[in-house]
J.: 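If you scroll down you'll find the structure; I have some questions about it.
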Amino acid sequence: MEGIRINEGITNDLIEESVYRRLPQILQNITQPFTGRERDIVFASALGVLSTCLPNVYGIYDGDKIYPNVYVMIIAPAASGKGVMNKSRILIDKIHDQTLKNSIKAEKECKNKKKESKEKDDAPCPSIEIKIMPANISTAEMYTYMGSSKYGLLIMESEADTMSNMLNNDWSNYSDILRKCFHHEPISISRKMEKIFEDIKEPKLSLVMSGTPEQLKTLIKSKENGLYSRFIVYTFDEISQFKNVFSISTRNNNAVFEEEAKQVFNLYEGLAGLEKEEIEFKLTENQVRKFLKELTVMHGAILDFHPHSFISNLNRHGLILYRVAMILTALRNINTIPVTGKELVCSNVDFILALEITKVFLRHSLVTYNTFDDGILSENDEKILFGLPFQFTRAQAIDLAKENNIPIRTMDDKLKQWKKKHIISPIKQGLYKRNKNFM
């Protein structure tokens, strides 16, 4: 398949250098000090953080009103360098601090006014408003913060098991909230004992988290879990080399983020100041045709070469693609967007970038998806597996793959995944046998 190579062996590739050269300036600036996996992690996490910094920007997707918010998950071994993700938080710190400061001031003024007033006033003072919400939180607290948030929240967590622990408790299992918030579906809670009632019409939530493969298993116990398909996934298994922690470039990293954070704060304030004059993001007619063509081709490739259950992930990556294009377009127009009017048209460069970026994320998602050990084979895999003798060589598998128009790289990938899932076992180099459950 042109571009995505989804039928040529699934790999967790790096994002190409050509992508970084064409990004909006703010993203170029924050990723420039980094290379390799670290650069990709900074970029992916920055997308998640910045997706909650664009109030009053929306688009229409499949008939629904959609905001830029995305979920990002970095999956890699310990000591792999994924901690650089936390640099992206600097981009939103000023917004969070100012939001909290203004909220505390408003609450204090309200309480003082009530004390000074001679008339009885039972109306509650405004709740504390924040921008960054911890993952270590009860469901009731989450509703309260989301209810008081004007322009959405960010959960940023560097240890996935923090969220896993919450989702395993009755009082903090907010998995359904995460799934609904991805689509801005209404959420509500009513608890008589705690005197809580919240009804949130259009919840907006962005999520950036990292963890090891083992932590992922406790968070997403099955590939059928609908939460997984809502994430931008970036995964790799290399262990990083020990780097020069005293280099000048390392010391200056935070300064770059702090400088760009000023622009992000100004953009946020400008967009928030529009109040009800929202800006609609739109694709051009040519971009819509390209979008539908590309997704249709990907859909066919998955049906032909991969588990059909992955289709839900592809469908949601269509929405992710749309949101990434929205984020890139807004950042490309960072100095003019609050005063450009009520429409924001995607440029061709940002549409192509969003398409290329999403294809990388889709491949990463499929790599991780294939690590979930449920023993299920796609129809196509069954055809290949049972077309081989009980004991077979790699050469025999390659020959059968060629007969079915499957590239060598894909067949080698299948053999690797089948070994991981204990569907086949190696007898010696280049010789395999099917295991008992697959006789």
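Nothing fancy with the numbering, it's 1 onward along the sequence.
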J.: Who pairs with Lys419 by salt bridge (Lys or Arg N to Asp or Glu O under 4.0 Å), at least two apart in sequence or on another chain?
T.: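 For Lys419, no residue satisfies salt bridge (Lys or Arg N to Asp or Glu O under 4.0 Å) once neighbours in sequence are set aside.
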J.: Give a yes or no on whether a salt bridge exists between Lys262 and Glu258, defined as a side-chain N under 4.0 angstrom from a carboxylate O.
T.: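 Here Lys262 does not pair with Glu258 in a salt bridge, since their nearest N and O are not under 4.0 Å apart.
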J.: Between Glu280 and Tyr58, is any pair of side-chain heavy atoms under 4.5 Å apart?
T.: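 A side-chain contact under 4.5 Å exists here.
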J.: Is there a side-chain contact between Ile177 and Met146 (heavy atoms, below 4.5 Å)?
T.: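 A side-chain contact exists here, since the closest heavy-atom pair is under 4.5 Å.
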J.: Can you tell if the side chain of Met298 reaches within under 4.5 Å of the side chain of Lys359, non-hydrogen atoms only?
T.: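 Side chain of Met298 against side chain of Lys359, heavy atoms only: contact under 4.5 Å found.
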J.: Checking Ser175 now: which residues fulfil side-chain hydrogen bond (donor to acceptor under 3.5 Å, both in side chains) with it, not counting sequence neighbours?
T.: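 For Ser175 the side-chain hydrogen bond (donor to acceptor under 3.5 Å, both in side chains) partners, ignoring immediate neighbours, are Arg179.
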J.: Count the heavy atoms of every other residue, nucleotide or ligand shown that sit under 6.0 Å from OH of Tyr145, and state whether that count exceeds 12.
T.: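 No, not enclosed.
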J.: Taking 4.0 angstrom as the limit, do Lys65 and Glu278 come out as a salt bridge?
T.: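 Here Lys65 pairs with Glu278 in a salt bridge, since their nearest N and O are under 4.0 Å apart.
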J.: For Lys180, give me all partners under salt bridge (Lys or Arg N to Asp or Glu O under 4.0 Å), at least two apart in sequence or on another chain.
T.: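 Here no residue qualifies.
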J.: State the CG-CG distance between Asn165 and Asn136, to the nearest 0.5 angstrom.
T.: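 Taking CG in Asn165 and CG in Asn136, the distance rounds to 8.5 Å.
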J.: Parallel, tilted or perpendicular: which describes the rings of Phe291 and Phe351, with under 30° parallel and over 60° perpendicular?
T.: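 Phe291 vs Phe351 ring planes: tilted.
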J.: How long is the span from the CD1 atom in Ile155 to the CE atom in Met166, to the nearest 0.5 Å?
T.: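 Reported value, rounded in 0.5 Å steps: 11.5 Å.
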J.: Walk me through whether Glu356 and Arg22 qualify under side-chain contact (heavy atoms from CB on, under 4.5 Å).
T.: CA-CA 12 Å; Glu356 292 178 13; Arg22 292 175 287 158; 2.8 Å; yes
J.: Go through the steps for Ser229 and His317 under the test side-chain contact (heavy atoms from CB on, under 4.5 Å), then give the verdict.
T.: CA-CA 8 Å; Ser229 64; His317 272 71; over 6 Å; no
J.: Does Phe182 have any ring pair (Phe, Tyr, Trp, His ring centres under 6.0 Å) partners at least two apart in sequence or in another chain, and if so, which?
T.: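 For Phe182, the residues satisfying ring pair (Phe, Tyr, Trp, His ring centres under 6.0 Å) (neighbours in sequence not counted) are Tyr71.
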J.: Please round to the nearest 0.5 Å and tell me the distance separating atom OG of Ser365 and atom CZ of Phe231.
T.: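 The CZ atom of Phe231 is 11.0 Å from OG of Ser365, to the nearest 0.5 Å.
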J.: Is Glu129 salt-bridged to Lys150, going by a charged N under 4.0 Å from an acidic O?
T.: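 Salt bridge flag = no for Lys150 with Glu129.
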J.: Run the side-chain hydrogen bond (donor to acceptor under 3.5 Å, both in side chains) test against Glu17 and tell me which residues pass, sequence neighbours left out.
T.: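 Glu17 satisfies side-chain hydrogen bond (donor to acceptor under 3.5 Å, both in side chains) with Arg39 once adjacent residues are dropped.
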J.: List the steps, then state whether side-chain contact (heavy atoms from CB on, under 4.5 Å) holds for Leu47 with Arg323.
T.: CA-CA 10 Å; Leu47 278 180; Arg323 283 172 162 157; over 6 Å; no
J.: If the condition is ring pair (Phe, Tyr, Trp, His ring centres under 6.0 Å), which residues does Phe361 pass it with, not counting sequence neighbours?
T.: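 Not a single residue meets the ring pair (Phe, Tyr, Trp, His ring centres under 6.0 Å) criterion with Phe361.
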J.: Quick one, Ser51 and Val70 - any side-chain contact, counting heavy atoms below 4.5 Å?
T.: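 Yes, close enough: below the 4.5 Å cut-off.
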J.: Mind checking what makes ring pair (Phe, Tyr, Trp, His ring centres under 6.0 Å) contact with His184, not counting sequence neighbours?
T.: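 Scan of His184 (ring pair (Phe, Tyr, Trp, His ring centres under 6.0 Å), adjacent residues dropped) gives Tyr67.
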J.: So do Leu271 and Leu274 actually touch side chain to side chain, heavy atoms under 4.5 Å?
T.: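 In short, these two side chains touch, coming nearer than 4.5 Å.
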J.: Suppose we screen for side chain to side chain contact (heavy atoms under 4.5 Å, CB included). Which residues come up paired with Leu292, at least two apart in sequence or across chains?
T.: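 With sequence neighbours excluded, Leu292 shows a side chain to side chain contact (heavy atoms under 4.5 Å, CB included) to Val288, given in chain and number order.
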J.: Below 4.5 Å, heavy atoms only, C-beta onward: do Ile187 and Cys181 meet side chain to side chain?
T.: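 A side-chain contact under 4.5 Å exists here.
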J.: Mind checking whether Leu153 and Ile132 have side chains closer than 4.5 Å, heavy atoms only?
T.: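 In short, these two side chains do not touch, never coming nearer than 4.5 Å.
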J.: Side chains of Asn313 and Tyr369: any donor to acceptor distance under 3.5 Å?
T.: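 Absent: no donor and acceptor within the cut-off.
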J.: Applying side-chain contact (heavy atoms from CB on, under 4.5 Å) to Leu344 and Lys282, what does each step give before you reach the verdict?
T.: CA-CA 6 Å; Leu344 184 65; Lys282 291 184 176 180; over 6 Å; no
J.: Quick one about Ser45 and Ser88 (side-chain donor to acceptor, distance below 3.5 Å, no hydrogens or angles considered), yes or no?
T.: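 The answer is yes; a qualifying pair exists.
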J.: Please enumerate all residues that pass side chain to side chain contact (heavy atoms under 4.5 Å, CB included) together with Ala272, with sequence neighbours excluded.
T.: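 Residues passing side chain to side chain contact (heavy atoms under 4.5 Å, CB included) with Ala272: Pro55, Tyr151.
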J.: Rounded to the nearest 0.5 Å, how far apart are OG of Ser210 and CD of Gln215?
T.: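 Here the interatomic distance stands at 7.5 Å.
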J.: Applying ring pair (Phe, Tyr, Trp, His ring centres under 6.0 Å), name anything that partners Tyr20, two or more places apart in sequence or on another chain.
T.: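 Counting only residues at least two positions away or on another chain, Tyr20 forms a ring pair (Phe, Tyr, Trp, His ring centres under 6.0 Å) with Phe43.
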J.: Could you measure the distance from the CD1 atom of Ile220 to the OG atom of Ser164? Nearest 0.5 Å is fine.
T.: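 Rounded to the nearest 0.5 Å, the CD1-OG separation comes out at 8.0 Å.
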J.: Any heavy-atom pair between the side chains of Leu207 and Val72 that's under 4.5 Å?
T.: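 The answer is no, as the side chains (C-beta and beyond) never meet within the 4.5 Å cut-off.
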J.: Can you name the residues that form a salt bridge (Lys or Arg N to Asp or Glu O under 4.0 Å) with Asp412, not counting sequence neighbours?
T.: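 So Asp412 forms a salt bridge (Lys or Arg N to Asp or Glu O under 4.0 Å) with Arg394.
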J.: Using the rule given for ring-ring contact (aromatic ring centres under 6.0 Å, His included), can you reason through Tyr174 versus Tyr143, listing the C-alpha separation, both sets of side-chain angles and the distance that settles it, and then say yes or no?
T.: CA-CA 10 Å; Tyr174 49 77; Tyr143 272 103; 9.9 Å; no
J.: Strictly by modelled atom types, are Ser206 and Asn69 linked by a side-chain donor-acceptor pair under 3.5 Å?
T.: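 Checked: Ser206/Asn69 side chains pair up, N/O donor to acceptor below 3.5 Å.
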J.: Would you compute the distance between atom CD1 of Ile74 and atom OH of Tyr234 and round it to the nearest 0.5 angstrom?
T.: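 Taking CD1 in Ile74 and OH in Tyr234, the distance rounds to 8.0 Å.
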J.: Sorted by first residue and then second, give each side-chain hydrogen bond (donor to acceptor under 3.5 Å, both in side chains) pair with at least one member in residues 344-353; sequence neighbours left out.
T.: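 Non-adjacent pairs meeting side-chain hydrogen bond (donor to acceptor under 3.5 Å, both in side chains): Gln287-Asn348, Arg332-Asp350, Ser347-Asp350.
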J.: Could you tell me whether Glu109 and Lys113 have a side-chain N and a carboxylate O separated by less than 4.0 Å?
T.: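 Not counted as a salt bridge, because no side-chain N and carboxylate O are separated by less than 4.0 Å.
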